[in-house]
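Below: the structure, in structure tokens.
Every chain is numbered from 1, with letters handed out A, B, ... down the list of sequences.
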Amino acid sequence: MGSYLIRRIVRTLLVMLGISLVVFVFVRSIPGDPAVAMLGERATPAAAAALREQLGLNKPWFFNPANPLDAQYPKYIAALVQGDLGSGLKSNIPVRDELSSRFPATAELSIAALLFALVVGMPAGILAALRRNTGWDNLATGISLVGVSMPVFWLGLLLSYFFAVKLGWLPPSARLGYEYTIQPITGFYLIDSVLRGNGGAFWDALKHLILPAIALGSIPLAIISRITRSSLLDVLGQDYVRTARAKGLAANAVTIKHALRNALLPVVTVIGLQAGALLGGAVLTETIFSWPGIGSWIYEAIAQRDYPIIQGGVIFAALVVSVVNLLVDLSYAALDPRIQYG
Amino acid sequence: MTTTTPSTTPARKSESIFWRRFRKSTPGKVGGIVVIIFILLAVFAQVLRPYDPTTDRNYRLNLKPPSITALWNPEAKETYTDAVTGKTNLWAAPFGTDNLGRDVFARVLHGTRISLKVGVVSTILALVIGSLLGVLAGYFGGWLDNVLGYLSDVMLAFPSILLAIGFASIFSVDNPPILIAAMDRLFALNSPQLVTAMLAVSLVQVPVYLRLARSVVLSVREREFVQAAGALGASQWRMIFKHVLPNSLSPLIVQGALSIATATIEVAALGFLGIGAQPPLPEWGTMISDSRSYYVDYPWTMIFPGLAIFLTVLGFNLLGDGLRDVLDPRSA
């Protein structure tokens with residue numbers, strides 16, 4: 001386990017280095033001059049050149065023959081390791097600060113989406129497996145097919161049209177109504193409003209969260225219900241379950257104690273693997289619901305060619321995904337004692 | 001004396017097994033029918049409703065509801081009734097009109113051509129490139145396997161839409177690179193940005209095929225018939241392309257059908273974000289993006305293009321499930 005852990009962590013670090021390289025090259029290949037983007041179209045060439053000099057954009061990318069370390073990539077990696085992601089070109093706010101203020105919004109939305117997916121998807125999958133080839137099974141399979149086939153942005157617009165515009169039950173956009181303010185403690189509005197004892201803000205934040213969470217949770221829901229169903233069916237067909245039944249145990253006890261516990265291992269894996277899909281879906285969901293998170297921020301930054309924000313935001317997203325994947329891999333061993341790592 | 005060549009008999013037999021199993025798969029049949037309908041709509045779009053996205057504008061008829069509402073809505077009835085003949089044309093604009101007075105139905109219909117082309121081409125590109133790399137990685141192993149495995153790890157760490165956005169934003173310029181301009185001509189898409197989006201979506205799928213093909217090849221490589229071919233002195237390339245690859249195709253084909261579904265959604269998502277197809281091209285995601293400023297009052301401009309995406313994707317997902325039942329029953 002120890003040597004596996006080290007190898008797995010080294011692999012994750014190497015992947016992170018690869019990610020930084022890919023983002024570095026991508027960002028510098030986006031057409032348009034960031035200095036001109038910062039100064040506006042009417043900037044004089046001399047002012048643009050001076051700004052490029054100041055930002056270090058006139059240096060070679062990877063290697064400077066005069067001074068090997070005086071190139072953009074080494075400097076960028078050195079800064080990255082220190083947690084310095086630069087500042088937004090337009091706003092001049094450090095990327096790290098904005099990232100930490102926006103991440104809770106994305107995390108709150110993603111967690112809510114995942115909870116929604118679990119609360120609906122797992123029971124649906126269990127029901128489908130226990131009542132195999134009945135109407136329930138077909139219903140659950142149908143829901144999961146619809147979930148994976150529905151474009152997130154269209155579902156978001158439909159939800160906001162019917163429940164916000166037509167019925168007026170829920171707000172169509174943003175994280176909180178104008179009449180409320182929450183002094184951030186954790187950045188999670190639901191938690192902060194409770195900690196501050198602000199019941200009105202809590203309900204308002206919850207109402208704002210529902211539609212985007214359903215839109216973002218639709219695909220994980222479909223995948224979770226599908227995996228739960230097939231995994232449970234697989235376990236129910238195994239010998240030890242038949243033995244438990246033959247011993248005369250109650251059907252519910254067999255299902256819950258023997259089958260379900262073992263069937264949930266692949267489900268845990270899949271939940272972990274949804275991290276990337278959730279962050280990707282957040283770009284679309286946050287754009288539709290004007291949710292002030294990382295997804296909508298990266299999207300705006302791309303439109304404005306704000307290099308440091310794109311760089312910082314995308315690297316951060318990719319890092320979150322690789323760390324979650326690492327944790328999922330490691331949790332296998334904890335959850336399933338049969339798995340031994342050499 | 002006539003002799004049947006041995007190679008044709010097993011082929012015909014496996015074909016009949018394929019159809020026999022496929023006919024039993026409800027998802028496969030439904031998906032197949034949906035996909036065929038969309039293909040027919042795409043092929044005959046110009047016959048069903050001739051349309052040119054650059055000229056078809058009618059400002060007197062902008063943002064009108066679907067013409068079928070003329071049955072109960074007097075205002076719509078007036079819009080769709082010919083003042084001279086007094087006849088109400090319920091088929092004038094079955095899906096309503098958009099802000100420029102364009103027929104949403106015609107645009108959705110012609111969007112079928114774009115989405116199918118883009119979905120299929122991007123999937124085939126990813127399938128061919130990814131599988132070839134995966135076969136090489138699985139067959140040869142060693143440093144090639146390590147390098148390709150590392151590259152796909154890096155690519156899979158990015159949320160795919162972000163990778164696609166990044167790729168598409170690099171090349172979306174007025175003077176597209178030759179490769180993109182050539183593909184634009186080849187597939188008659190008339191939009192270099194759309195080609196870039198297509199390539200971006202394809203790129204994101206490459207590691208998926210790489211891993212799949214690699215794992216299949218690893219298991220096929222050890223089978224007796226491949227070992228036997230090796231023992232008989234077959235060259236490495238002959239082993240790969242005559243023995244290993246043909247026997248690894250089933251999971252790749254299943255994944256291909258499912259990938260067309262994913263690719264269709266992702267290209268539409270890029271269009272929705274303004275990075276893929278540009279207006280006035282009738283691409284479904286771009287149409288939904290256009291409608292965002294007025295869909296609240298005129299929802300048909302958003303509902304029908306989305307419905308088209310949903311049904312196409314559903315069709316390919318069902319077809320993929322059906323093909324899996326038939327070709328790869330163990331993994332179902």
So which of A/Val324, A/Leu279, A/Thr287 has the largest heavy-atom pair count under 4.5 angstrom toward chain B?
A/Thr287
Measuring heavy-atom distances to chain B, does A/Val152 have an atom under 4.5 Å in its side chain, in its backbone, in both, or in neither?
neither
A/Gln311 side chain reached by A/Leu85 side chain, heavy atoms, under 4.5 Å
no
Relative to chain B, which of A/Thr141, A/Val314, A/Val146 shows the most heavy atom pairs under 4.5 Å?
A/Val146
Can you tell me which portion of A/Tyr299 sits under 4.5 Å from chain B's heavy atoms? Options are side chain, backbone, both or neither.
side chain
Between B/Asp153 and B/Arg211 (salt bridge meaning N to carboxylate O under 4.0 Å), is one present in this structure?
yes
I'd like to check B/Val104 versus B/Tyr298 (side-chain heavy atoms, cut-off strictly below 4.5 Å). Are they in contact?
no
A/Ser160 and A/Phe289, any side-chain heavy atoms less than 4.5 Å apart
yes
Do the non-hydrogen side-chain atoms of B/Gln205 and B/Ser122 ever get within less than 4.5 Å of each other?
no
Hey, does A/Met150 have a side-chain heavy atom less than 4.5 Å from the side chain of B/Leu314?
no
Give, as side chain, backbone, both or neither, the part of A/Ile288 having an atom under 4.5 angstrom from any heavy atom of chain B.
both
Quick one: of B/Thr264, B/Thr262, B/Ile309, who has the most non-hydrogen atom pairs under 4.5 Å with chain A?
B/Ile309
Mind checking whether B/Phe105 and B/Phe95 have parallel, tilted or perpendicular rings, split at 30° and 60°?
perpendicular
Would you mind checking which part of B/Leu311 comes under 4.5 Å of any heavy atom in chain A, side chain (CB onward), backbone (N, CA, C, O), both or neither?
neither
When only pairs under 4.5 Å are counted, which of B/Leu163, B/Val296, B/Leu273, B/Ile161 shares the most heavy-atom pairs with chain A?
B/Leu273
Below 4.5 Å, heavy-atom pairs only: which of A/Leu284, A/Val283, A/Leu157 has the largest tally toward chain B?
A/Leu157
Does some side-chain heavy atom of B/Lys29 sit less than 4.5 Å from a side-chain heavy atom of B/Val34?
no
Chain A contact via B/Tyr295 - which portion, at a heavy-atom distance below 4.5 Å
both
So, the part of B/Ala268 with a heavy atom under 4.5 Å from chain A: the answer is both
Checking A/Val15 against chain B: side chain, backbone, both or neither under 4.5 Å from a heavy atom?
both
If you count heavy-atom pairs under 4.5 Å between each of B/Pro159, B/Gly306, B/Pro27 and chain A, which one has the most?
B/Gly306
In sequence, state the C-alpha distance, the side-chain angles, and the governing distance for A/Arg226 and A/Ser230, and then conclude on side-chain hydrogen bond (donor to acceptor under 3.5 Å, both in side chains).
CA-CA 6 Å; A/Arg226 208 174 234 216; A/Ser230 66; over 6 Å; no
Using non-hydrogen atoms and a 4.5 Å limit, figure out which bit of A/Leu14 sits close to chain B: side chain, backbone, both or neither.
both
In terms of heavy-atom pairs under 4.5 Å with chain B, which of A/Val148, A/Asn325, A/Leu21 leads?
A/Val148
Answer key: most heavy-atom pairs under 4.5 Å with chain A among B/Leu156, B/Thr312, B/Asn317, B/Ile165 is B/Asn317
Heavy-atom cut-off 4.5 Å, strictly under: side chain, backbone, both or neither for B/Leu151 against chain A?
neither
Just wondering, do A/Leu109 and A/Glu286 contact through their side chains at under 4.5 Å, heavy atoms?
yes
Neighbour count above 12 (heavy atom, 6.0 Å) for A/Leu167 CG
yes
Side chain, backbone, both or neither: which part of B/Phe272 has a heavy atom under 4.5 Å from chain A?
side chain
